[in-house]
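All values below were derived from every heavy atom in this structure, side-chain atoms included, with hydrogens, water molecules and symmetry-related copies excluded. Since this is a predicted model, take the numbers as computed values, not measurements. Each residue takes its place number in the sequence, starting with 1. Indexing begins at 1, ligand by ligand and atom by atom, following the structure's order.
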Amino acid sequence: MRIDLHTHSDVSDGTASPASVVRDAAAAGLDVVALTDHDTTLGWQEAERAAREVGIDLVRGLEVSCTHQGRGLHLLVYLPDPTHPGLNDLLGRIVEGRDGRVPAMLAGLRDAGVAIDRADLEREGSRTAATGRPHVADALVRLGVVASRDEAFRDWLDPGRPGYVDRWAAPVTDMVRVVAEAGGVTVVAHPWGRGGRAALPEEEIAVLAAAGLAGVEVDHQDHDDADRARLREVAAELALVVTGASDHHGTGKVDHDLGCHTTDPEQYERLLALAAASAAASGRSAPGVVRPR
Ligand code: AMP
Ligand code: FE
Ligand code: FE
Ligand code: ZN
């Protein structure tokens, strides 16, 4: 059983459609794939159709932009009722925050001598729920200002750079609670990724566990061997599920091929058991895994 629980399509900042991501996952020999676009469930229906076509299990999820103690944090959310009003309220605010800051970003870039307008951006991520920094990065690449998304972030879009503008994200403990109300489960994404261990100190993982967090994404390209070993220990101490995944973004991120990291089948079963318990306790009609075989 090969299980990849973190992928993005072009309804957020991946470069392939939800159907292509699912088909490519099957072609890559995966048995289970989760679609986890940033802050939106827009790709779920298309992904479900493709999963039934090619015969791969599909976990419907999202990756939600959160904050904790003044720092950004990504939360993987699996199998919530997508019609839950509280969940939709928070997601709506995140998406509006991301989209709403684009004019200020473009103004910052213009002041620094790089002229991009809305028309340039509309060519990038035309299906996306919200235009964000990855799409601005793609426009910078297309216009020949930089050679890659990574370079665009480093020189223009990271904090302190001319195109950076802060935006609203959901307080993580609110999000964990709302997802439980919606019958889903939460896993903290790449906790020691770009920000390193300071991004989420170990004591804070315990705080999230106490708030109802189900798991920790351990096997991820942004974690080195020492990080993974320590995160496994932390997860064991807190009885958290351990996951691994590609965080695939199509051609938007290099070295994140589908299935480059996977989740142990036993850990996956634990996660599904927690999701089933959450769905039952919530009284919502949570979607469950699409199992075409
Ligand atoms: P935004 O939500 O508009 O601030 O954009 C943040 C998104 O950009 C994250 O979810 C990442 O997927 C992506 N991202 C952040 N840093 C980088 C980077 N250095 N290279 C490529 N993508 C990045
Ligand atoms: Fe992304
Ligand atoms: Fe992320
Ligand atoms: Zn991701």
Notebook entry, point to check: Does ligand 1 have an atom that lies less than 4.0 angstrom from a heavy atom of Arg194?
Noted result: yes
Margin query: To the closest 0.5 Å, what do you measure between CD1 (Ile56) and CZ (Arg2)?
Written below: 10.0 Å
Margin query: Please list the nearest protein heavy atom to atom 22 (N) of ligand 1 with its residue and the distance rounded to 0.1 Å.
Written below: Phe153 CE1, 3.4 Å
Note to self: Give me the nearest non-hydrogen protein atom to atom 11 (C) of ligand 1 as residue plus atom name, then the distance to 0.1 Å.
What the structure shows: Asp13 OD2, 3.9 Å
Next item on the list: Look at atom 6 (C) of ligand 1 and say which protein heavy atom is nearest, naming residue and atom and giving the distance to 0.1 Å.
Entry: Arg133 NH2, 3.7 Å
Check: Vertex the Zn ion (ligand 4): angle to NE2 of His8 and NE2 of His6, to 10°?
Finding: 100°
Item checked: Atoms of ligand 1, numbered as shown, that sit under 4.0 Å from any heavy atom of His249 -> 12 (O)
Next item on the list: Would you please determine whether His135 falls within less than 4.0 Å of ligand 1 on a heavy-atom basis?
Entry: no
Note to self: Any heavy atom of Arg101 closer to ligand 1 than 4.0 angstrom?
What the structure shows: yes
Notebook entry, point to check: Backbone or side chain, does His190 get an N/O/S atom under 2.8 Å to the Fe ion (ligand 3)?
Noted result: yes
Check: Do you know which N/O/S atom name in Glu63 is closest to the Fe ion (ligand 3)?
Finding: OE2
Notebook entry, point to check: Are Arg230 and Asp224 ion-paired here, with the side-chain N under 4.0 Å from a carboxylate O?
Noted result: no
Next item on the list: Report, in ascending order of atom number, the atoms of ligand 1 lying under 4.0 Å from any heavy atom of His38.
Entry: 10 (O), 12 (O)
Checklist line | Side chain, backbone, both or neither: the part of Arg154 lying under 4.0 Å from ligand 1 by heavy atom | finding: neither
Next item on the list: Looking at His74, pick out the N, O or S atom nearest to the Fe ion (ligand 3) and give its name.
Entry: ND1
Check: Is Asp255 atom CG crowded by more than 12 heavy atoms from other residues, nucleotides or ligands, each under 6.0 Å away?
Finding: no
Next item on the list: Just jot down the ligand 1 atoms closer than 4.0 angstrom to any heavy atom of Gly132, in number order.
Entry: 3 (O)
Note to self: Looking only at N, O or S atoms in Asp247, which is nearest to the Zn ion (ligand 4)?
What the structure shows: OD1
Check: More than 12 foreign heavy atoms under 6.0 Å from CD of Glu269: is that the case here?
Finding: yes
Item checked: Of the N, O or S atoms in Glu63, the one nearest the Zn ion (ligand 4) -> OE1
Checklist line | More than 12 heavy atoms from other groups under 6.0 Å of CD on Glu237 | finding: yes
Checklist line | Check: His256/Gln221 side-chain N/O donor and acceptor closer than 3.5 Å | finding: no
Notebook entry, point to check: Relative to the ring of His190, is the ring of His74 parallel (under 30°), tilted (30 to 60°) or perpendicular (over 60°)?
Noted result: perpendicular
Check: With a cut-off of 2.8 Å, does any N, O or S atom of His6 fall short of it relative to the Fe ion (ligand 3)?
Finding: no
Next item on the list: Pick one of side chain, backbone, both or neither for how Leu157 approaches ligand 1, counting any non-hydrogen atom pair under 4.0 Å.
Entry: neither
Checklist line | Donor + acceptor pair across side chains of His8, Asp247 (<3.5 Å) | finding: yes
Note to self: Looking at ligand 1, would Pro134 count as a contact under a 4.0 Å heavy-atom criterion?
What the structure shows: yes
